[in-house]
J.: 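One structure coming up, written as structure tokens, with questions to follow.
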Amino acid sequence: MRLLSRKVMRNTHGQDSSYFLGWEEYEKNRYDHVNNPKGIIQMGLAENQLSFDLLESWLAKNPDAAGFRRNGQFIFRELALFQDYHGLPDFKKALVDFMAEIRGNKVSFDPNRVVLTAGATSANETLMFCLAEAGDAFLLPTPYYPGFDRDLKWRTGVEIVPIQCTSSNGFRITESALEEAYRLAHKRNLRVKGVLVTNPSNPLGTTMSLDELNLLLDFITEKEIHLISDEIYSGTVFSSPGFVSIMEIMKDRKLENSEVFNRVHIVYSLSKDLGLPGFRVGAIYSNDNMVVDAATKMSSFGLVSSQTQYLLSEMLSDKKFTKNYILENHKRLKQRQRMLISGLEKAAVSCLKSNAGLFCWVDMRRLLSSDTFEAEMELWKRIVYEVKLNISPGSSCHCTEPGWFRVCFANMSEDTLKVAMRRLKVFVESISPIRSQSNHQALKNTRRRWSLTNWVFRLSFHDDRELEER
Amino acid sequence: MAANLRNQNQLLSKMAIGDGHGENSSYFDGWKAYDKYPYHPEERPDGVIQMGLAENQLCFDLIQDWLMKNPEASICSPDGVLNFKDTAIFSDYHGLPEFREAIAKFMGKVRGDRVKFDPDRIVMSGGATGAQETIAFCLADPGDAFLVPTPYYPGFDRVLTWRTGVQLVPVFCASSNNFKITKSALEAAYGKAQELNIRVKGLLITNPSNPLGTILDRETLKEIVRFINEKNIHLVCDEIYAATVFTNQHNFVSVSEVIEEDTERNRDLIHIVYSLSKDMGLPGFRVGIVYSYNDAVVNCARKMSSFGLVSSQTQHLIAAMLSDDEFVDRFIAKSKELLDKRRKFFTEGLEQVKIDCLNGNASLFKRMDFRRLLKDQSFEAEMELLRVIINEIKLNVSPSSFFHCSEPGWFRVCIANMDDSTMEVDLLRITYFMLQNRYRNKVVKVPTKKQRQQSSLKRSLSRRKMEDFM
């Protein structure tokens with residue numbers, strides 16, 4: 001008899017994918033500007049390390065929250081015993097206020113509809129358990145966060161069917177792609193229970209357009225299925241167009257009393273916006289009472305530590321702090337993204353125009369030896385082992401087109417980023433050394449072909465100085 | 001409206017709309033009564049006293065004292081903030097190395113340092129709840145079963161089965177031999193499962209036992225290990241109450257000690273579930289541990305721990321606290337001393353009115369023998385008595401039926417989740433109840449007023465108050 005469960009034997013935890021292999025290489029040979037200057041620079045980790053000083057300064061001014069105290073009184077005992085899966089009421093209130101603030105207060109959230117979970121990882125899995133049976137499917141636009149293969153499928157038995165998006169229109173979701181995915185699911189005898197989108201997108205770094213949001217709403221209304229909007233990056237939207245949450249669209253379309261209102265669920269977390277992935281703070285927000293109820297009970301399997309709930313309830317209740325943090329965080333992310341783009345351009349590499357997230361979606365198609373995923377893997381391995389940059393290949397994100405890579409910019413210092421860009425430039429020059437007319441012509445042709453897109457396509461051939469000044 | 005609701009129901013999973021969470025069981029009636037009108041010495045002296053919650057509140061002073069002397073243990077305090085950033089971004093599912101080392105050391109100390117635990121086998125989870133579910137996911141597939149000796153913690157019905165699809169097959173134990181787990185009971189349960197074509201994947205024991213409050217002797221534990229080896233099934237030992245053993249003559253024997261001695265047995269079948277919720281009284285911090293001797297299970301459980309990691313803020317605190325050897329030794333000793341004192345106070349109080357308890361030597365509760373108070377030996381009679389206890393005596397206690405005990409009339413009462421004066425009120429209420437007319441003839445000896453006054457129990461309440469209860 002097989003001793004262990006099939007879950008142990010299978011690898012649908014997805015951890016054998018290249019997304020994680022790059023991490024393993026990085027762990028063996030980490031860059032350090034003093035001790036290991038030739039090591040691998042981690043550019044595959046979507047962390048926000050730019051605003052810790054703001055958090056630390058708040059902590060310095062608020063010793064009570066740090067020390068299990070409220071108004072000078074020691075509340076350690078109360079916190080140590082608090083394991084109510086409804087969560088600390090003050091924390092949920094502070095959290096929904098923060099979520100509303102991120103959305104420009106154009107929508108408000110009811111704290112009683114929040115379910116706290118151990119990170120967005122747990123939130124997404126819990127929603128799958130609540131909304132689907134083993135063997136059902138959720139449609140996800142590609143490219144998508146590789147972790148979904150584990151979070152959504154592994155223990156739940158739910159399937160993912162991709163909504164194929166392409167660079168022809170900046171990877172936007174189209175009606176035909178949605179319908180095609182739905183048809184494909186049916187062909188595979190899978191019952192579609194919903195669509196899951198990440199907005200802003202990981203790995204694209206773009207916010208969803210109004211057209212896409214309306215299209216999704218219409219689609220799920222027609223098909224009577226769910227929509228999960230993972231808005232984990234909602235606080236990282238640093239330039240226009242701003243962030244529009246699905247909640248806002250429903251409010252504008254006056255759908256609060258409609259059936260579809262109960263089928264839209266939001267996932268959130270403080271891992272990206274506040275840069276606190278270690279604290280494991282995730283949340284599900286749903287307008288459906290049964291979902292809130294079931295998810296609340298399921299959250300027993302991964303509650304947020306009361307110590308952490310208390311600290312963050314104090315922090316997020318400080319409106320002066322949150323207002324300043326959101327603005328300053330945006331500023332820094334924007335500046336750092338520009339630095340990455342500038343560095344890429346010096347290396348004659350372009351990326352998708354983006355306004356959010358902690359990464360850019362970089363176009364290295366012209367560096368491939370052939371238009372295949374094998375060539376992409378070849379290129380990726382060279383970048384990891386020779387250039388010593390851990391970036392994430394598009395195939396790990398289920399991208400339909402080879403040659404795209406996700407490159408993170410907010411998890412390292414400015415100097416490290418400059419080192420990384422210098423290395424990339426040297427590498428690109430070595431494999432496409434002739435910055436000649438032919439290269440320029442090829443790019444011009446490509447530009448004509450993709451003229452409908454809204455890429456950043458400035459190349460460094462003509463005016464390096466201009467780029468540095470940006 | 002009803003049609004809409006039905007339609008809505010089909011939209012959600014069976015898991016979400018079913019009763020698998022177990023919370024509709026009347027186990028929770030007492031809890032609901034408590035939530036509605038909880039006891040408070042001044043504001044609600046006639047409120048319901050919570051004796052259904054197995055919490056350890058006796059040693060908070062020690063922990064608070066340590067926290068005040070060790071401010072650097074909090075990464076948010078001025079002394080600890082240097083660690084803030086690194087800890088806040090640390091979401092590696094291996095856990096902080098110092099956390100794992102501290103936990104391994106603590107687990108060893110709790111077992112009298114008779115056995116050493118390997119920090120690399122320590123896997124985090126969202127409390128013991130998360131740990132148990134994770135183990136079930138790793139060892140069993142939907143439809144498989146675990147054998148569980150009765151009576152057992154009712155939470156297992158949800159935690160082990162709800163999302164995993166695993167079933168529980170009871171191993172019936174009887175009061176005639178103090179609910180000992182016998183080989184014949186194990187064989188009978190296993191045989192029954194075979195008859196029903198249910199594949200048994202393992203045996204789950206809780207040692208010290210909840211709700212019995214007893215520990216397994218070495219011979220029984222060895223017998224159990226022999227049994228599971230014979231059948232080639234797993235043994236999961238929930239040792240969550242390991243540090244609550246309060247009598248020196250009966251040292252707690254962990255399964256880890258048995259397999260150290262008995263090297264012929266297959267270690268790949270042995271797994272321990274642990275937590276700091278009971279031993280340290282920190283349920284709010286959600287520190288659950290899976291410890292397995294099976295490498296594949298460690299690897300898989302570790303990946304699954306992404307769904308319920310311990311907050312790094314909490315890991316840091318616990319690592320600092322449990323690395324302090326002097327504090328840990330003092331804590332373990334003091335905790336046992338206070339539990340022993342509380343147990344003695346309670347059982348001697350019960351003896352005054354001729355109520356026996358099961359002879360236990362561990363845990364945070366006692367099991368009162370109310371069998372002779374039942375109008376007949378049925379579970380209906382037990383529920384009737386329970387309603388009287390909740391509604392008239394205003395105590396939330398837990399009857400046999402909730403623990404799948406084969407015999408009605410046993411009531412588990414938690415004795416470590418309140419202060420001394422509330423404990424006194426408890427005893428007074430129970431005493432008053434026993435001395436009431438309808439049960440008077442069932443009590444063999446009613447202490448006279450003089451005897452009560454001369455009782456060795458030094459109750460600090462005035463006689464006047466006692467008269468009030470009469």
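Naming: A, B, ... by sequence-line order, numbering from 1 per chain. Everything numeric in this text was worked out from a predicted model, so none of it was measured. The figures that follow rest on heavy atoms only: side chains count, while hydrogens, waters and symmetry mates do not.
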J.: Out of curiosity, A:N124 CG to A:R150 CZ, how far, rounded to the nearest 0.5 Å?
T.: 10.5 Å
J.: Can you tell if the side chain of B:F285 reaches within under 4.5 Å of the side chain of B:L276, non-hydrogen atoms only?
T.: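 Side-chain contact under 4.5 Å: no.
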J.: Which bit of A:P277 is near chain B, if near means a heavy-atom gap under 4.5 Å: side chain, backbone, both or neither?
T.: both
J.: In terms of heavy-atom pairs under 4.5 Å, which option from B:R163, B:K85, B:R286 contacts chain A the most?
T.: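 Going by pairs under 4.5 Å, I would pick B:R163.
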J.: Any idea how A:F321 and A:Y325 line up, ring-wise: parallel (<30°), tilted (30 to 60°), or perpendicular (>60°)?
T.: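 Because their plane-to-plane angle lies in the 30° to 60° range, the rings of A:F321 and A:Y325 count as tilted.
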J.: With a 4.5 Å limit on heavy-atom distance, are the side chains of A:F91 and A:L312 in contact?
T.: yes
J.: Side chain from CB out, backbone as N, CA, C, O: work out which of these in B:P71 comes under 4.5 Å of a heavy atom of chain A, or both, or neither.
T.: neither
J.: Does any non-hydrogen side-chain atom of B:Y293 lie less than 4.5 Å from one of B:H271?
T.: no
J.: Using non-hydrogen atoms only, which part of B:M304 is less than 4.5 Å away from chain A: side chain, backbone, both, or neither?
T.: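 Both parts, backbone and side chain.
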J.: Find the one option among A:A65, A:A60, A:A118, A:G282 whose heavy-atom pairs under 4.5 Å with chain B are most numerous.
T.: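 Looking at each of A:A65, A:A60, A:A118, A:G282 in turn, A:A118 comes out on top.
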J.: Taking the side chain from B:N56 and the backbone from B:L58, do they hold a donor-acceptor pair closer than 3.5 Å?
T.: yes
J.: Of the backbone (N, CA, C, O) and the side chain (C-beta and beyond), which part of B:V159 lies under 4.5 Å from a heavy atom of chain A, both, or neither?
T.: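 Contact with chain A: backbone and side chain both.
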J.: Return the option, out of B:A136, B:S125, B:C138, B:S77, with the maximum number of heavy-atom pairs under 4.5 Å with chain A.
T.: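 The option with the most such pairs is B:C138.
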J.: Taking the side chain as every heavy atom from C-beta outward, state whether B:T134 and A:R155 have any atom pair closer than 4.5 Å.
T.: yes
J.: For the pair A:W154 and B:F307, name the ring-plane relationship: parallel under 30°, tilted 30 to 60°, perpendicular over 60°.
T.: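 Answer is tilted, since the angle falls between 30° and 60°.
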J.: Are A:I225 and A:I220 close enough that some pair of their side-chain heavy atoms sits under 4.5 Å apart?
T.: yes
J.: Who among A:T156, A:L131, A:L276 has the most heavy-atom pairs with chain B under 4.5 Å?
T.: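 Highest number of heavy-atom pairs under 4.5 Å: A:L131.
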J.: Could you check whether A:R70 pairs with A:E78 (Lys NZ or Arg NE/NH1/NH2 to Asp/Glu carboxylate O, under 4.0 Å)?
T.: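 Judged by the 4.0 Å cut-off on N to carboxylate O distance, A:R70 and A:E78 do form a salt bridge.
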J.: With a 4.5 Å cut-off on heavy-atom pairs, point out which of A:R77, A:Q309, A:R280 contacts chain B the most.
T.: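 Option with the greatest count: A:R77.
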J.: Measure distances from B:L317 to the heavy atoms of chain A and classify the residue's part below 4.5 Å as side chain, backbone, both or neither.
T.: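 Side chain only.
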J.: Would you mind checking which part of A:F82 comes under 4.5 Å of any heavy atom in chain B, side chain (CB onward), backbone (N, CA, C, O), both or neither?
T.: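 Interface part for A:F82: backbone (N, CA, C, O).
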J.: Of all of B:A88, B:P78, B:G130, B:A16, which one pairs up most often with chain A through heavy atoms under 4.5 Å apart?
T.: B:A88
J.: Say you draw a straight line from CD of A:Q42 to CG of A:N411; how long is it, rounded to the nearest 0.5 Å?
T.: 6.0 Å
J.: Based on non-hydrogen pairs under 4.5 Å, which of B:G126, B:G284, B:P142 is most in contact with chain A?
T.: B:G284
J.: Which atoms of B:D144 are under 4.5 Å from chain A, going by heavy atoms: the side chain, the backbone, both sets, or neither?
T.: neither
J.: What part of A:L311 gets within 4.5 angstrom of chain B, counting heavy atoms only: side chain, backbone, both, or neither?
T.: side chain
J.: What part of A:E47 is in contact with chain B, defined as an atom under 4.5 angstrom from a non-hydrogen atom: side chain, backbone, both or neither?
T.: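 Side chain only.
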J.: Between A:S5 (side chain) and B:F137 (backbone), is there a donor-acceptor pair under 3.5 Å?
T.: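 Yes.
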J.: Against chain A, work out which of B:A140, B:G165, B:S277 has the most heavy-atom pairs shorter than 4.5 Å and name it.
T.: B:A140
J.: Fit a plane to each ring of A:F76 and B:F60, take the angle between them on a 0 to 90° scale, and name the class: parallel (under 30°), tilted (30 to 60°) or perpendicular (over 60°).
T.: perpendicular
J.: What part of A:D84 lies closer than 4.5 angstrom to a heavy atom of chain B: side chain, backbone, both or neither?
T.: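 The answer is neither part of A:D84.
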J.: Answer with side chain, backbone, both or neither: which region of A:A132 has an atom nearer than 4.5 Å to a non-hydrogen atom of chain B?
T.: backbone
J.: Which one of A:A294, A:S305, A:G302 has the most heavy-atom pairs closer than 4.5 Å to chain B?
T.: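 Sorted descending by pairs with chain B, the first entry is A:S305.
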J.: Tell me, out of A:D151, A:V304, A:N62, A:D53, who's got the most heavy-atom pairs with chain B below 4.5 Å.
T.: A:D151
J.: Shorter than 4.5 Å, heavy atoms on both sides: which option in B:S74, B:C76, B:G80 has the most such pairs with chain A?
T.: B:C76
